[in-house]
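All values derive from a computational prediction rather than experimental measurement.
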Amino acid sequence: MERKLPVGIQGFIGLRKDGYVYVDKTGYIYKLVHSGKEYFLSRPRRFGKSLLLSAIKAYWEGNRELFTGLQIEELEKDNSEAWKRYPTFYFDFNGENYQEADGLERILDEQISRWEADYNLAKTGKSLGARFRDLLIAAHDQTGLRCVILVDEYDKPLLDVIDNIEQQEHNKAVFKGFFSTLKSFDEHIQFVFITGVTKFHKVSIFSDLNQLIDISLNEDYAGICGITQNELIRYFSQEIKELAIKYELSEENCIDKLKNWYDGYHFYPDCEGVYNPFSLLSAFFANDFASYWFETGTPTFLLKQLKDGAFDVNKFTDRTLFASERALRDYTGDSLEPIPLLYQAGYLTIVDFDREVREYTLAFPNDEVKYGFLESLMPVYVEKSGAGSGLDIFTLRRYVEQGNLDAIKDVFIGLFANITYTLETDPFEHYFQMVIYLVFTLLGKYVVCEMHTFSGRVDCILQAREYIYLFEFKRDDDVEAALDQIEENGYALSFKADSRKIYKIGVTFDSKTRMLKEWKAV
């Protein structure tokens, strides 16, 4: 029987009533509602935040039948206070257009108007914040229960206008006037849960809710969104089996491949990793390994920041990218610092932690993110490197497999001739290192690639089915010196018994002309 996989399903009620597979996270909900009152959770997009919030909403609205057979049913069995219907106000900021001058006010007005009708309140000319205060009082008075406030993707109205500072400041001001309500109306509030990708400290949600507990880097809630290894095996054994059959893999090897592609997110040092749920479910639905998370693309401003700041992208994969605890815990979207924002957006994750100095090491979580991000970054450095350009990775891979040295040479000449320098003063060293790094890392998706970078030069070993390429790239040097370097380092010795044809290739670049100067293969 075909199972219903909840790809993109964000509504808990529909998911449960329509028989979709549900990875039970209700134990976390029980802990939240019985341990505190006001929470904030940051997780990357498409990571299950909306579904979690929808399940919390169903819990507070007393929809007990939806939780039959789930952890929380057992946990609440002796609690006479459970399953009451609390007045619940769910703000969903997904899927709206906030570019319009009054877009945010319109969305808030629509939601408040709907609830005013529910509680028989007349729409007044008061401010949105004042109307919300009246609503909380009326709901509390009419039900005898305090109010639950759930806010999904609160930062979307701010991130959507990140390139429009004036509109972003306007939206912040709207939020400040609206959510300042929560500060002085604590007696009417039972529970608050807010989700987003990042923090904006100048938004009154964080300044006014002094008791707001940020669980984004909390060990107890590291697996609240996403899918753990145990959950993968427990809930999706059928899908693993089907995928393994298609790719002629053992189930163990299939799990390893899933892990390499979609696992690896850590939201607390040394905790169990979690899979991106959207990507994993999409892979099972399509019965295929592919990149699913990058369908909407990487924000252009982030890629441009990395390029303009001459950031060493090699740090993403060599585990030399560090961040302080404060940078990750207290980072706000107001500053647009690329590394913490890349962490919060899900492009980077925690791979190590030095407890003595409270320092995090960050890197790509998995192959889907690594290759997707670098594929997005490549056109930022080389505009004409897209599909069909003749300078794309697929074309280069074909030439590498064919042993076509002249064509490989032409691709490298073309790549460096089409680099997009923004200023005459841009350092060639950065572009020289980055383009070679991007090219060979992306090739590593298809062939075995080992690369090392040093000051002024790069060496790389590329292994295809029938050929082995030993490259030495040098800046402002002689091509014979590049070939000598290959011999001196004994790159070929480890392949002495290999039947594949070995090419030793020296390449030099001129930093004045910013062009490939010499190419020699032996």
For the side chain of [X] and the backbone of [Y], is there at least one donor-acceptor N/O pair under 3.5 Å apart?
{"X": "K409", "Y": "N404", "value": "no"}
{"X": "N489", "Y": "Y491", "value": "no"}
{"X": "E375", "Y": "L442", "value": "no"}
{"X": "S54", "Y": "G11", "value": "no"}
{"X": "W261", "Y": "S291", "value": "no"}
{"X": "Y469", "Y": "V400", "value": "yes"}

Among Y431, F432, F311, Y437, find the one that has a ring pair (Phe, Tyr, Trp, His ring centres under 6.0 Å) with Y381.
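The ring pair (Phe, Tyr, Trp, His ring centres under 6.0 Å) with Y381 is passed solely by Y431 among Y431, F432, F311, Y437.
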Checking Y347 against F316 for the ring-ring contact (aromatic ring centres under 6.0 Å, His included) test, could you report, in this order, the C-alpha distance in whole Å, the side-chain angles of both residues, the deciding distance, and whether it holds? CA-CA 10 Å; Y347 298 101; F316 286 145; 9.2 Å; no
Point to revise | Residue among Y262, Y265, F236 satisfying side-chain contact (heavy atoms from CB on, under 4.5 Å) with Y275 | key: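 Single pass found, and it is Y262.
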Do [X] and [Y] have their ring centres less than 6.0 Å from each other?
{"X": "F412", "Y": "F440", "value": "yes"}
{"X": "F278", "Y": "Y292", "value": "no"}
{"X": "F322", "Y": "Y360", "value": "no"}

Taken in chain and number order and not counting sequence neighbours, the residues that satisfy side-chain hydrogen bond (donor to acceptor under 3.5 Å, both in side chains) with E251 are none
With under 30° as parallel and over 60° as perpendicular, where do the rings of [X] and [Y] fit, or are they tilted in between?
{"X": "F47", "Y": "F267", "value": "perpendicular"}
{"X": "W519", "Y": "F471", "value": "perpendicular"}
{"X": "Y221", "Y": "Y28", "value": "tilted"}

Any carboxylate oxygen within less than 4.0 angstrom of a Lys/Arg side-chain nitrogen, looking at [X] and [Y]?
{"X": "K49", "Y": "E153", "value": "yes"}
{"X": "E487", "Y": "K504", "value": "yes"}
{"X": "E231", "Y": "R234", "value": "no"}

Any luck finding a side-chain donor-acceptor pair between Q344 and T198 under 3.5 Å?
->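 A donor-acceptor contact under 3.5 Å links the two side chains.
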Checklist entry - Stepwise, does the salt bridge (Lys or Arg N to Asp or Glu O under 4.0 Å) test hold for E480 with K520? => result CA-CA 8 Å; E480 295 298 336; K520 186 174 180 180; 2.6 Å; yes
